[in-house]
Amino acid sequence: MGRRRKGPWVREQDQCWYTTVGRKSVKLGHAGQPYSEIEQAYHALLAKSKKPATVTVAWLIGAFLDDVQRTGSTGTFLWYSRFLNKCRDHFGNSLKPENLTGVMVSRWIERDYGDGSGSTQHGAARAIVRVMNWAVEAGHLDRSPLIGYKKPTPTSRETYVSPDEYAACLEHARGQFRDFLIFLWETGCRPQEARIIEADWIEGRTVTLPTALSKGKRRRRVIYLTETAAEIAERLSSKNPSGPIFRNKLGNPWTKDAINCAFRRLRKKTGIDSLCAYAMRHGFATEKLKQGTDTTTVGVLMGHANPGMVAKVYQHLAHDSDYLLGVIDSGTPPTVAS
C-alpha cells in the first residue's frame with residue numbers, strides 16, 4: 001500500500017497541486033501558481049475541513065463554494081453560486097444530507113426555476129448533485145444521497161448564423177468589433193477564448209492558450225487560423241503587443257458584458273433575433289459539416305475535449321431546407337456523418 005502524502009503535492013497527469021483529505025485527493029491550485037498561494041490554499045482547506053458536530057446541506061454548500069472559489073475560475077464560482085445560494089436558502093440551515101432526496105431537489109427547482117428553460121433547470125440540478133459528489137470526494141460523506149437522481153433535460157441550443165446572416169452582420173459591424181466578429185466566424189473559437197488572446201500566444205497560423213486559461217484546464221487549447229483570421233491576429237498583435245489583442249474603440253480589452261452589448265446592438269440593426277456571440281461558433285460548425293468535414297475534425301477545431309459533442313450541431317441542419325433538398329435531389333447521403 002502506497003504511503004499517504006501529507007501537505008501539498010503535484011499530480012503528474014496535469015501538473016496541478018493537490019493534498020489528501022481522508023482518502024481523497026483535493027485540488028489546491030493550477031500549475032504555474034506561486035507556491036505561496038498553494039500554501040495559503042492548503043492551510044485554508046485545513047481550517048475549512050473541520051466539520052461541525054452535525055453536517056448539514058447548508059454547510060456542505062458553503063464548504064463546496066469556498067473550495068471552488070479557491071481552486072476554480074471566477075466564472076465557475078459565479079456559475080455555482082447562482083444556483084447554490086438559492087438552494088441553501090430553500091433548504092435552510094438544519095437539513096441533513098442523509099435526509100435530502102431527489103424529490104426535494106425537484107420541488108426546489110420547480111419553485112425557483114419553474115418558469116426557466118430546461119438548461120437552467122438542468123444547471124440547478126447539476127450544481128447540487130456536484131456538491132454531494134464533492135462531499136464524498138472530500139471525505140465529508142460516505143455516500144451521495146442523490147445517486148440515481150435524474151436531472152431535468154437541458155434545452156438544446158439551436159441558434160446559429162447562416163452565411164447570408166453573417167454577410168448581413170458584416171454590413172453593420174464597424175471598427176474593432178468587426179475584427180472580433182470575423183475572427184469568431186473564421187475560427188469557430190469560443191468568445192471567451194478570443195477576447196483573452198495575447199500576442200505571445202500567436203505563432204504563425206495557430207494560437208495556443210495556456211493550460212490554466214483553457215476550458216477544463218487540463219490541456220492547452222490550440223486555435224487554428226484561416227488566412228483571414230491570421231491577418232487579423234498579426235495586425236492586432238503588432239498594435240497591442242502586451243495584454244489582450246482585441247480591444248474596443250477606447251483601447252480597453254473586450255469584456256463579456258461589452259460583447260453582449262455589441263451583439264445586442266447588432267441584433268437591432270440586422271433584425272436577426274437569435275444573434276449572439278455563440279451563434280457565430282455554431283455557424284462555423286454547421287458550415288464545416290455541410291462542406292463534408294468529419295465530426296472529429298470539427299470537434300478538434302472547436303476545442304472540444306470530446307469531439308463527439310459536435311453531433312449536437314446536426315440539429316442546425318434541420319433548419320436548412322436548401323441543403324436538405326439538395327441532398328434529396330442528389331440521391332447521396334449527407335456528408336456530415338463521421
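- Judged purely by atom type and a 3.5 angstrom limit, Arg281 uses its side chain to pair as donor or acceptor with the backbone of Met302.
- By the 4.5 Å heavy-atom criterion applied to side chains, Tyr35 and Glu39 are counted as neighbours.
- Two residues are said to be in side-chain contact when any heavy atoms from C-beta on lie closer than 4.5 Å; Ile272 and Val161 fail this criterion.
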Step by step, would you call Ile128 with Phe83 a side-chain contact (heavy atoms from CB on, under 4.5 Å)? CA-CA 8 Å; Ile128 187 59; Phe83 296 113; over 6 Å; no
Start with the C-alpha gap between Phe263 and Met280, add the side-chain angles, then the distance that decides, and say whether side-chain contact (heavy atoms from CB on, under 4.5 Å) holds. CA-CA 11 Å; Phe263 271 96; Met280 308 300 293; 4.1 Å; yes
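- One hydrophobic cluster, built from ILVMFWY side chains closer than 4.5 Å, cannot hold both Trp201 and Val222; they sit in different ones.
- Under a hydrophobic clustering in which Ile, Leu, Val, Met, Phe, Trp and Tyr are joined whenever their side-chain heavy atoms come within less than 4.5 Å, directly or via other members, Val68 and Leu78 fall into the same cluster.
- Crowding of Glu234 atom CD: a count of heavy atoms from other residues, nucleotides or ligands under 6.0 Å not exceeding 12.
- Checked by atom type, the side-chain pair Asn133/Arg130 shows no donor-acceptor distance below 3.5 Å.
- Of the possible polar contacts, none joining the Arg220 side chain to the Ala212 backbone as a donor-acceptor pair under 3.5 Å is found.
- The side-chain heavy atoms of Thr187 and Leu225, taken from C-beta on, include a pair separated by under 4.5 Å.
- Counting heavy atoms of neighbouring residues, nucleotides and ligands inside a 6.0 Å radius, atom CZ of Arg126 does not exceed 12 of them.
- Between Pro191 and Phe180, the shortest heavy-atom distance links the atoms O-CZ, 3.8 Å.
- Considering CE of Met104 and CD1 of Ile109, their distance stands at 12.5 Å, rounded to 0.5 Å.
- Residues Ile202 and Ile245 form a side-chain contact, since some pair of their non-hydrogen atoms from C-beta on lies under 4.5 Å apart.
- Here the side chains of Pro145 and Thr101 are not in contact, with every heavy-atom distance at 4.5 Å or above.
- Here Arg247 pairs with nothing under the side-chain hydrogen bond (donor to acceptor under 3.5 Å, both in side chains) rule; sequence neighbours left out.
- Once rounded to the nearest 0.5 Å, the distance linking SG of Cys189 with CZ of Phe284 reads 9.0 Å.
- Dense packing is recorded around CZ of Arg235, with more than 12 heavy atoms of other residues, nucleotides or ligands lying under 6.0 Å away.
- By the 4.0 Å N-to-carboxylate-O rule, Arg107 lies too far from Glu110 to be salt-bridged with it.
- We find the CG-CH2 distance between Asp179 and Trp254 to be 10.5 Å, quoted to the nearest 0.5 Å.
- In this structure, Trp185 has its ring center closer than 6.0 angstrom to the ring center of Tyr166.
- Here the straight-line distance linking atom OG1 of Thr19 with atom CD1 of Ile38 works out to 11.0 Å at 0.5 Å rounding.
- Counting only distance, with no hydrogens or angles, the side chain of Ser214 and the backbone of Arg221 share a donor-acceptor pair below 3.5 Å.
- For Tyr160 and Tyr278, the ring centers are positioned 6.0 Å apart or more.
- No continuous path of ILVMFWY side-chain contacts below 4.5 Å connects Tyr224 to Val207, so the two sit in separate hydrophobic clusters.
- Remark: Asn93 CG is loosely packed, at most 12 non-hydrogen atoms of other residues, nucleotides or ligands lying under 6.0 Å away.
- Put simply, the side chain of Ser144 never gets that close to the backbone of Met132: no donor and acceptor are under 3.5 Å apart.
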CA sep, side-chain torsions, deciding dist, call: Val55, Lys96, side-chain contact (heavy atoms from CB on, under 4.5 Å): CA-CA 6 Å; Val55 173; Lys96 297 179 181 179; over 6 Å; no
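- Side-chain contact between Val26 and Tyr18: absent, with no pair of heavy atoms (C-beta onward) separated by less than 4.5 Å.
- Atom-to-atom distance recorded for Leu184:CG and His282:NE2 is 11.5 Å, nearest 0.5 angstrom.
- The main-chain N or O of Leu266 is found under 3.5 Å from a side-chain atom of Thr270 such that the two form a donor-acceptor pair.
- For Trp134 and His140, the ring centers are positioned less than 6.0 Å apart.
- The shortest side-chain heavy-atom distance between Val57 and Ile61 falls under the 4.5 Å cut-off.
- Here the closest heavy-atom approach between residue Pro244 and residue Pro253 is recorded as CG-CB, 3.9 Å.
- Residue Cys16 comes nearest to Gly29 through the heavy atom pair CB-O, 3.4 Å, listed as atom of the first residue, atom of the second, then distance.
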Report the C-alpha separation of Arg205 and Glu231 in whole Å, then their side-chain angles, then the decisive distance to 0.1 Å, and conclude whether the salt bridge (charged side-chain N to carboxylate O under 4.0 Å, His left out) test is met. CA-CA 9 Å; Arg205 291 179 56 184; Glu231 183 279 324; over 6 Å; no
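- Looking only at distances, a side-chain donor or acceptor of His122 sits under 3.5 Å from a matching main-chain atom of Pro152.
- Counting heavy atoms from C-beta on, the side chains of Tyr113 and Gln121 come closer than 4.5 Å.
- Closest heavy-atom contact between Ala199 and Pro241: CB-O, 3.7 Å.
- When all heavy atoms of Val129 and Tyr149 are compared, the pair lying nearest together is CG2-CD2, 3.9 Å.
- Transitive grouping of hydrophobic side chains (ILVMFWY, heavy atoms separated by less than 4.5 Å) keeps Leu301 and Ile223 in distinct clusters.
- Cluster annotation: Trp79 is not connected to Ile259 through the hydrophobic network of ILVMFWY side chains, with a link wherever side-chain heavy atoms come within less than 4.5 Å.
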Start with the C-alpha distance between Thr56 and Leu95, add both sets of side-chain angles, then the distance that settles side-chain contact (heavy atoms from CB on, under 4.5 Å), and finish with yes or no. CA-CA 6 Å; Thr56 64; Leu95 178 65; 6.0 Å; no
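- With Glu186 contributing its side chain and Phe183 its backbone, the two residues share no donor-acceptor pair below 3.5 Å.
- Electrostatic pairing of Lys27 and Asp67 does not count as a salt bridge here, judged by no charged N lying under 4.0 Å from a carboxylate O.
- By the side chain to side chain contact (heavy atoms under 4.5 Å, CB included) test, Arg178 is found to be paired with Leu170, Ala173, Ile182, residues two or more places apart in sequence or in another chain being considered.
- For the residue pair Thr20 and Trp9, a side-chain donor N or O sits within less than 3.5 Å of a side-chain acceptor on the partner.
- Side-chain N or O atoms of Asn240 include none that pairs as donor or acceptor with a backbone N or O of Ser242 at under 3.5 Å.
- Residue Asp89 holds its CG atom at 11.0 Å from CG of Leu84, rounded to the nearest 0.5 Å.
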